[in-house]
Structure formats: C-alpha cells, structure tokens
Amino acid sequence: MKTTRYLRIRGWFVGALAATAALTMATVNAQSVASRQATERVRAALERLPHYGVFDFLAFEMDQDSVTLTGYAYHGTLKSDASKAIGDLDGIDEIGNGIEVLPASQNDDQIRWATFYRIYTDPFLSRYAPGGAPNARAETIRYSRYPGLQPLGSYPIHIVVKHGRTTLVGVVDNEADKIVAGVRARDVPGVFEVKNELEVVND
C-alpha cells in the first residue's frame, strides 16, 4: 500500500521530484512511527491480560487499523478477554479473532505441568522462570494438582499441548537453549510429538 502511494505521487509531480521524494519519505516515516506505536499498544494490551499464562500463546497481525489475533488459549475466557482488550484501544476499527481454545484434557494437563517443571527447573533454562527454579518448583507443587490452573506471568517459553502433542513457542537467548528446551519437552512421558518453534533473539 505504501509503495503504491509512493509511485503515484512520483507520477503526478514529475517536475518536482526532489520535493516529492522528501514529502513522500516524511509521510512514510510518519506512517511507520504510527504503525510501530499501534503495534506496541496491541502487544502491551495482550501482555497485560490478567489470565495470560505459560500454557497460552497469543500472537497478532496488523494491517493499518485492523488486528487479527491468533494463537492458543488454555481457557476460553482468554479469547474473549483478548478481543475486548484490543477493542478498547484507540485507532483499532476491526478485530479478527482466530485464537484457538484448547480442549480440556487431564492427560494434556499432566504433560503441560511435567514439561513446565522440566524446562523451568533445568539448570540451563531456569533463568527464564520468574523467581528461578525454586519458584517453578513451588508453582508446580502448589497448582498442578488442581485442573485448569497454570502459572501466570512473564514466561518466555510457552508450552502449548493438544491431544498429547506439545508445541514450544516464544523466545530464548540462543540456539543451545532452544535445543535443551526441546530435549526436556521430549523427556516427558506420554507425549506423542514435540514441535520446537522457539525463536532465538540474541544469537
């Protein structure tokens, strides 16, 4: 869309190419700043959701004033909460919600908690847990016995489980951490498949 506009402006003002280029760059830069600001507002709104946890994963795409939500929700309420949070933002006129609500499953819950424990108490990966390995152990002991509960907060490695299949999503600092996380997830009894979709952000 921006490219199309740029070419049209050049076509209309052939005799003033330099002025047109400056004007176009200023317009594109202003649009870029506005787009980055809108993206940051959406990201912050999703991260502030009170029930967003390690067993969920939310993502989004933006096209001007339109937002499309994707990802997985451990509870159905997160899907509706995400739409409401984005709908409250200024400048967002259209919201598409493609978040998939994961089915309730006792077996999947056992895999989730076992994977959480193995990853977030691992000597190489425990630094990703808020409070470190001691807190991850305490969370597991405190909540894993109760169906439907999950650790909430800023966990960069998200654990999505559906029908005995695990997908790791989120971010890690280096390729070695990504590999270790995948190994720990595959160590969990009863898991049929592990997809490691973690992104390395600092290597």
Side-chain angles (χ1 to χ4, degrees), residues 36 39-62 67-75 78-79 81-82 85-86 97-103 105 107-140 143-144 148-203:
R36 287 196 298 269
T39 299
E40 179 60 25
R41 289 199 303 271
V42 172
R43 184 195 62 78
L46 294 177
E47 288 184 347
R48 286 196 301 266
L49 290 171
H51 300 109
Y52 183 37
V54 70
F55 300 151
D56 308 299
F57 183 73
L58 300 182
F60 66 95
E61 297 176 357
M62 290 197 66
V67 175
T68 301
L69 299 171
T70 59
Y72 302 90
Y74 184 44
H75 292 296
L78 183 67
K79 179 173 183 174
D81 288 348
I86 302 306
N97 194 331
I99 297 171
E100 179 182 350
V101 178
L102 296 167
S105 166
N107 182 63
D108 284 352
D109 277 347
Q110 291 174 348
I111 293 173
R112 288 182 181 104
W113 279 105
T115 306
F116 171 81
Y117 185 86
R118 280 170 169 76
I119 287 177
Y120 283 106
T121 63
D122 180 88
F124 294 101
L125 303 177
S126 60
R127 71 182 188 280
Y128 293 106
N135 185 66
R137 292 189 186 94
E139 293 273 84
T140 304
Y143 297 122
S144 62
L149 295 183
Q150 68 169 321
L152 303 177
S154 182
Y155 289 91
I157 301 172
H158 288 256
I159 301 161
V160 176
V161 182
K162 180 180 178 182
H163 301 321
R165 291 170 169 80
T166 299
T167 302
L168 301 180
V169 281
V171 295
V172 290
D173 291 336
N174 54 67
E175 188 67 26
D177 287 349
K178 176 178 178 176
I179 292 171
V180 172
V183 170
R184 295 294 169 263
R186 292 183 183 92
D187 284 342
V188 173
V191 67
F192 299 137
E193 180 185 19
V194 174
K195 292 182 179 180
N196 192 339
E197 298 180 0
L198 292 169
E199 293 187 19
V200 177
V201 294
N202 290 332
D203 254 2

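The aromatic rings of F55 and F116 sit perpendicular, their planes meeting at an angle over 60°, well past the 30° parallel limit.
Between P50 and L152 the shortest heavy-atom distance is O-CD1, 3.6 Å. Minimum interatomic distance between G190 and I111 (heavy atoms only, all atoms of both residues): O-CD1, 3.8 Å. Across all their heavy atoms, S105 and R112 have their closest contact at O-NH1, 4.3 Å. Pairing each heavy atom of V191 with each of V188, the nearest pair is CG1-O, 3.1 Å. The two residues L49 and D81 come nearest to each other via the heavy atoms CD2-O, 3.7 Å. Nearest heavy-atom pair across A82 and L46 is CB-CD2, 4.0 Å.
Residue L149 holds its CG atom at 10.0 Å from CD of E139, rounded to the nearest 0.5 Å. Y143 contributes atom OH, which lies 8.5 Å from atom CH2 of W113 (distance to the nearest 0.5 angstrom). With rounding to the nearest 0.5 angstrom, the NZ atom of K195 is 12.0 Å from the CG atom of L168. Here the CZ-CZ distance, from R41 to R36, works out to 13.0 Å after rounding to the nearest 0.5 Å. Between the OG atom of S154 and the OH atom of Y128 there is a distance of 12.5 Å, given to the nearest 0.5 Å. In this structure, the separation between CD1 on I99 and OH on Y72 is 11.5 Å, given to the nearest 0.5 Å.
Proximity of T140 to T121: side-chain heavy atoms (C-beta onward) are nowhere separated by under 4.5 Å. The shortest side-chain heavy-atom distance between D56 and Q150 falls under the 4.5 Å cut-off. Side-chain contact between R127 and D177: present, with at least one pair of heavy atoms (C-beta onward) separated by less than 4.5 Å.
The list of salt bridge (Lys or Arg N to Asp or Glu O under 4.0 Å) pairs with a residue in residues 46-55, not counting sequence neighbours, reads R43-E47. Pairs of residues two or more places apart, or lying in two chains, that qualify as salt bridge (Lys or Arg N to Asp or Glu O under 4.0 Å) and include a residue from residues 114-123 are D122-R184.
Judged by distance alone, the side chain of N196 and the main-chain N or O of A181 form no donor-acceptor pair under 3.5 Å. N135 places no side-chain N or O within 3.5 Å of a backbone atom of G132 that could act as its donor or acceptor partner. A donor-acceptor pair is defined here as one N or O able to donate and one able to accept, closer than 3.5 Å; such a pair exists between the side chain of Y120 and the backbone of I157. At least one donor-acceptor pair under 3.5 Å links the side chain of D108 to the backbone N or O of H163.
Under the side chain to side chain donor-acceptor pair (under 3.5 Å) criterion, Y74 pairs with D109, sequence neighbours left out.
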Practice problem: Give the C-alpha distance, both sets of side-chain angles, the deciding distance and a yes or no for side chain to side chain contact (heavy atoms under 4.5 Å, CB included) between L58 and L78. | Solution: CA-CA 10 Å; L58 300 182; L78 183 67; 4.2 Å; yes
